[in-house]
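Order of the sequence lines sets the chain letters (A, B, ...), proteins ahead of strands, with each chain counted from 1.
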Amino acid sequence: MAYNILVVDDSSVVRSVIGKTIELAQVDVGEILYAANGKEALEQLKNKWVDIVFADINMPVMNGLEMIEQMEKDGLMETVPVIIVSTEGSTTRIEQLKQKGIKGYIRKPFTPEKIKEVFTKTLGDLKNED
Amino acid sequence: MKIEDIEILRKVFMNVLEQTAFMFAFPADKSEISGTERTKYLQAYITFSGHQTGLISITMPEDICTEIAANILGMEPEDEQVKEQGEDAILEMLNILCGQFLTAVEGEKPVFDLSVPMMSRLSYEDWTILKTQQNTAVTLIDRDPVLLHLAI
């Protein structure tokens, strides 16, 4: 099964790097979609099926936390796993995000191995829940 | 957090540069560094707030920005994508630097809010003033000086 992946980060460099890292991680990719902030991400989610979201926290227009809160209101947090990819180091903040329903957290800078590990674990966990 | 933490900032910068761009920087003495009026200096800065408030900036010649971006993207410096994304690469590196620095100094419990990192150009005169400030440390990437500044 090929997965549609949404990458949300205000940095074009990070979007490129995450996209390339996902390809290097040899996961089964259908399509990689990109958004520069939470608002663009929500638009993508309206128009396209997405299997997993990789999202930053600190973004202009709509940040990662605001995006997650809107996804929660829209019922999307139950069907679309969100992995936070951030420079955030506070365990307090990470715990707050986990309470909101994120499925994983990756701290920047990351390796292809870490992306694959979290990707595989997250989608594997979801298959077990079905 | 105190001004002496500028040394921690320098160490974290060297680690982040290696991890993100596979490049190496070395500590340098300010007295050994001189700039030129011909050099175009770019300054990236980010603010943090919450448990403590402050600002971190990195200032470097424009040419080294391109080289760092190319390394981060795994491309050649002449590549068009690198030309377009050079500044963005530095901003992201600063983002990572700030996060790692705050953890190094304050631990993993406190919550900080980071601003969106910004970029500006710095004149040679301002670069010289910045270099001489107590809360500025210098590293060298090859022979290019990188100024790291911490304001709290």
Side-chain angles (χ1 to χ4, degrees), chain A residues 7-25 32 34-40 54-67 84-100 102 105-115, chain B residues 12 15-23 44 46-52 56 65-66 68-75 79-119:
Chain A
V7 178
V8 191
D9 200 300
D10 58 317
S11 165
S12 63
V13 168
V14 172
R15 293 196 300 271
S16 296
V17 170
I18 291 180
K20 283 192 181 168
T21 304
I22 289 170
E23 287 168 7
L24 281 171
I32 302 180
Y34 298 98
N37 55 62
K39 187 177 175 189
E40 286 184 16
F54 288 89
D56 192 5
I57 299 174
N58 295 318
M59 296 180 286
V61 182
M62 181 184 276
N63 64 36
L65 179 59
E66 291 165 340
M67 180 193 80
I84 293 295
V85 184
S86 174
T87 58
E88 181 67 62
S90 166
T91 52
T92 307
R93 170 107 1 119
I94 294 166
E95 198 49 46
Q96 288 169 352
L97 289 165
K98 284 183 178 173
Q99 296 293 325
K100 293 282 180 186
I102 67 167
Y105 174 80
I106 300 171
R107 192 167 187 196
K108 295 175 183 174
F110 48 82
T111 61
E113 291 76 20
K114 187 64 181 174
I115 292 279
Chain B
V12 174
N15 286 338
V16 169
L17 182 71
E18 185 181 341
Q19 289 164 1
T20 58
F22 308 104
M23 295 171 74
I46 189 169
T47 63
F48 54 88
S49 60
H51 180 71
Q52 191 146 359
I56 292 170
C65 288
T66 305
I68 292 172
N71 278 22
I72 290 172
L73 293 167
M75 295 179 177
D79 200 295
E80 200 56 43
Q81 189 177 346
V82 173
K83 290 190 170 86
E84 291 167 7
Q85 295 185 314
E87 290 189 9
D88 201 23
I90 301 305
L91 293 178
E92 182 56 25
M93 190 176 68
L94 176 62
N95 201 18
I96 294 171
L97 169 64
C98 189
Q100 301 267 347
F101 169 72
L102 291 173
T103 303
V105 173
E106 298 290 344
E108 292 184 344
K109 282 270 193 257
V111 175
F112 287 94
D113 291 313
L114 306 186
S115 69
V116 174
M118 302 291 285
M119 183 77 81

Inter-chain contacts: residues 90-98 of chain B against chain A, heavy atoms under 4.5 Å
B/E92, B/N95, B/I96

Among B/L102, B/L73, B/V16, the residue with the most heavy-atom pairs under 4.5 Å to chain A is B/L73

Are there residues of residues 90-98 of chain A whose heavy atoms fall under 4.5 Å of chain B's heavy atoms? If so, which?
A/S90, A/T91, A/T92, A/R93

For the interface with chain B, which of A/N63, A/I57, A/T111, A/V14 has the highest count of heavy-atom pairs at distances below 4.5 Å?
A/V14

Please classify the contact of B/Q100 with chain A as side chain, backbone, both or neither, using a heavy-atom distance under 4.5 Å.
both

Please look at B/V116 and chain A and tell me whether the side chain, the backbone, both or neither of the residue comes under 4.5 angstrom of a heavy atom of that chain.
side chain

Heavy-atom closest contact (B/T20 atom, A/P109 atom, distance):
CG2-CB, 3.8 Å

Roughly how far apart are A/S16 OG and B/Q81 CD, rounded to 0.5 Å?
4.5 Å

Could you give the distance from CG (A/D9) to CG (B/D88), rounded to the nearest 0.5 Å?
8.5 Å

For atom NZ of B/K109, decide whether the heavy atoms of other residues, nucleotides or ligands shown that lie under 6.0 angstrom number more than 12.
no

Would you confirm whether B/Q85, through its side chain, and A/S11, through its main-chain N or O, come within 3.5 Å as a donor-acceptor pair?
no

